[in-house]
Participant: 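Okay, here's the structure, questions in a sec.
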There are 2 protein chains.
Amino acid sequence: MNYKLDQIDRKILEILQNNAKITNAQLSKEVGLSPAPTLERVKKLEQTGIIQSYHAKLDPAKIGLGVSTFVHVGLKGHNKENIEIFLNAIREIDEIIECHHVTGTGDFVLRVIAKDITSYQRLMLEKVSEISVVDNLQSMVILSTFKEKKSMPLPL
Amino acid sequence: MNYKLDQIDRKILEILQNNAKITNAQLSKEVGLSPAPTLERVKKLEQTGIIQSYHAKLDPAKIGLGVSTFVHVGLKGHNKENIEIFLNAIREIDEIIECHHVTGTGDFVLRVIAKDITSYQRLMLEKVSEISVVDNLQSMVILSTFKEKKSMPLPL
DNA sequence: ACTGAAAGCTTTGTGTT
DNA sequence: AACACAAAGCTTTCAGT
């Protein structure tokens with residue numbers, strides 16, 4: 001499932017990844033089309049699912065979320081049942097904002113966000129460690145973030 | 001720098017994190033205010049920087065980006081100069097969409113996205129490994145993503 | 001924080017190149 | 001496909017309450 005995007009489509013995608021709130025009038029100017037066909041292209045990109053959704057990005061620090069981490073999780077077994085148990089538990093925990101199944105030493109990588117180290121520690125001890133199928137945990141606290149592109153490279 | 005948000009502000013933030021394209025009219029209905037004061041609150045949240053930006057989220061698979069990874073990077077030394085050299089090199093590489101300085105075994109965690117395993121391998125071998133201050137690399141390929149919340153937990 | 005009105009823009013549709 | 005133009009519908013702003 002791969003679509004043929006021309007140069008204009010790519011430009012639209014690049015712009016909307018970085019600024020979803022741009023008006024269609026402005027967007028059309030930047031890509032060099034008139035408003036009508038520009039909007040048509042955006043609609044098509046949405047309908048085909050190339051554009052999945054639009055999100056506001058908040059500043060974690062300003063809403064009292066000072067701690068952001070990656071956590072490597074090893075499970076006690078790699079069978080389907082254990083994975084299901086783990087995922088069901090993960091789904092219930094609001095502070096876990098991402099959960100990826102990965103190759104390598106651990107089985108899963110989590111992205112966790114919390115108010116401070118104290119509440120992070122309590123979260124990990126009381127909730128994540130307590131999941132029956134969890135064997136081992138390794139936390140990496142993010143000290144600072146140097147790059148956080150909201151746009152992906154568009155190939156071809 | 002922390003702001004006092006009431007229940008309505010939190011509801012606005014929650015909604016906009018999940019759907020930045022909602023109209024003000026609809027948003028005002030969902031939070032139970034009329035359009036004018038609702039818009040005022042959104043503007044204030046933008047001005048204070050609590051809302052940082054708005055982004056379109058694309059489907060990587062549909063634009064031909066099949067490989068997404070985490071990479072742990074260890075540097076040859078933890079001094080300022082080496083870190084600067086590393087960050088300057090990282091900034092130039094489009095496929096690296098995130099770079100975090102973290103505690104733990106490695107020094108940095110990267111988020112990398114590429115067309116396929118072949119081009120990923122070439123990217124790592126020819127570009128990332130070649131950075132003079134890089135000592136060791138460990139890639140974890142994301143097999144699947146089970147949770148990817150675009151909204152963070154709002155404390156209090 | 002609300003209502004109500006006015007201005008401006010977005011968006012849609014038609015006909016044309 | 002894209003354009004220009006016009007019409008309809010929102011969004012947004014600005015009064016006054």
Side-chain angles (χ1 to χ4, degrees), chain A residues 1-59 62-64 150-156, chain B residues 1-65 150-152 154-156:
Chain A
M1 236 171 247
N2 213 319
Y3 302 86
K4 39 208 166 320
L5 304 171
D6 64 14
Q7 226 104 19
I8 295 177
D9 288 321
R10 284 201 209 90
K11 200 159 189 179
I12 289 173
L13 291 175
E14 202 183 309
I15 292 170
L16 290 181
Q17 282 184 93
N18 289 308
N19 176 17
K21 272 291 184 74
I22 190 173
T23 63
N24 186 58
Q26 224 177 316
L27 180 62
S28 67
K29 264 182 224 156
E30 298 198 21
V31 302
L33 288 182
S34 64
T38 305
L39 189 63
E40 220 174 82
R41 280 165 181 265
V42 173
K43 286 277 149 66
K44 193 164 286 174
L45 291 167
E46 290 170 356
Q47 279 160 10
T48 55
I50 293 176
I51 296 178
Q52 278 187 334
S53 44
Y54 297 93
H55 306 275
K57 183 184 178 296
L58 310 189
D59 183 339
K62 291 204 173 144
I63 51 175
K150 284 296 158 189
S151 69
M152 25 188 80
L154 300 177
L156 218 181
Chain B
M1 234 172 247
N2 212 318
Y3 301 86
K4 41 214 164 318
L5 303 172
D6 64 15
Q7 225 104 18
I8 294 177
D9 288 321
R10 285 201 209 89
K11 200 157 188 179
I12 289 174
L13 291 175
E14 203 183 309
I15 292 169
L16 290 180
Q17 283 185 93
N18 289 308
N19 176 17
K21 272 289 186 72
I22 191 173
T23 62
N24 186 59
Q26 223 177 318
L27 179 62
S28 67
K29 261 180 227 158
E30 296 198 21
V31 301
L33 290 181
S34 63
T38 304
L39 190 62
E40 221 174 79
R41 280 166 182 266
V42 173
K43 287 276 148 66
K44 192 162 286 171
L45 291 167
E46 289 171 357
Q47 279 160 12
T48 56
I50 293 175
I51 296 177
Q52 278 187 335
S53 43
Y54 297 92
H55 306 274
K57 183 183 179 294
L58 309 189
D59 182 338
K62 292 204 172 146
I63 51 177
L65 293 168
K150 285 295 157 189
S151 69
M152 25 188 77
L154 299 176
L156 219 181

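The analysis underlying the following values was restricted to heavy atoms, covering all of them including side chains, and did not include hydrogens, waters or symmetry mates. Computed from a predicted model, the values in this text were never measured in an experiment. Chain A is the first sequence line, chain B the second, and so forth, proteins listed ahead of strands; every chain is numbered from 1.
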Participant: Above 12 or not: heavy atoms from other molecules or residues under 6.0 Å from CD of B/Glu46?
Facilitator: yes
Participant: Do the non-hydrogen side-chain atoms of B/Leu27 and B/Leu33 ever get within less than 4.5 Å of each other?
Facilitator: no
Participant: Under 4.0 Å, heavy atom to any atom of DNA chain C: which of residues 7-35 of chain A qualify?
Facilitator: A/Thr23, A/Asn24, A/Ala25
Participant: Residues from residues 36-51 of chain A sitting under 4.0 Å of DNA chain D, heavy atoms only?
Facilitator: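 Heavy-atom cutoff 4.0 Å gives A/Pro37, A/Arg41.
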Participant: Could you tell me which non-hydrogen atom of B/Asp59 sits nearest to which non-hydrogen atom of A/Gly49, and how far apart they are?
Facilitator: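 Heavy-atom minimum between the residues: CB-O, 3.4 Å.
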Participant: Do A/Lys11 and A/Asp6 meet the salt-bridge criterion of a basic N to acidic O distance under 4.0 Å?
Facilitator: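 Judged by the 4.0 Å cut-off on N to carboxylate O distance, A/Asp6 and A/Lys11 do not form a salt bridge.
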Participant: Check this for me: B/Glu30, atom CD, are more than 12 non-hydrogen atoms of other residues, nucleotides or ligands nearer than 6.0 Å?
Facilitator: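 Yes, because the 6.0 Å sphere around CD of B/Glu30 holds more than 12 heavy atoms from other groups.
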Participant: Without swapping roles, check the side chain of A/Lys62 against the backbone of B/Thr48 for a donor-acceptor pair under 3.5 Å.
Facilitator: yes
Participant: Just by modelled atom types, is the B/Pro35 backbone N or O under 3.5 Å from a matching donor or acceptor in the B/Asn24 side chain?
Facilitator: yes
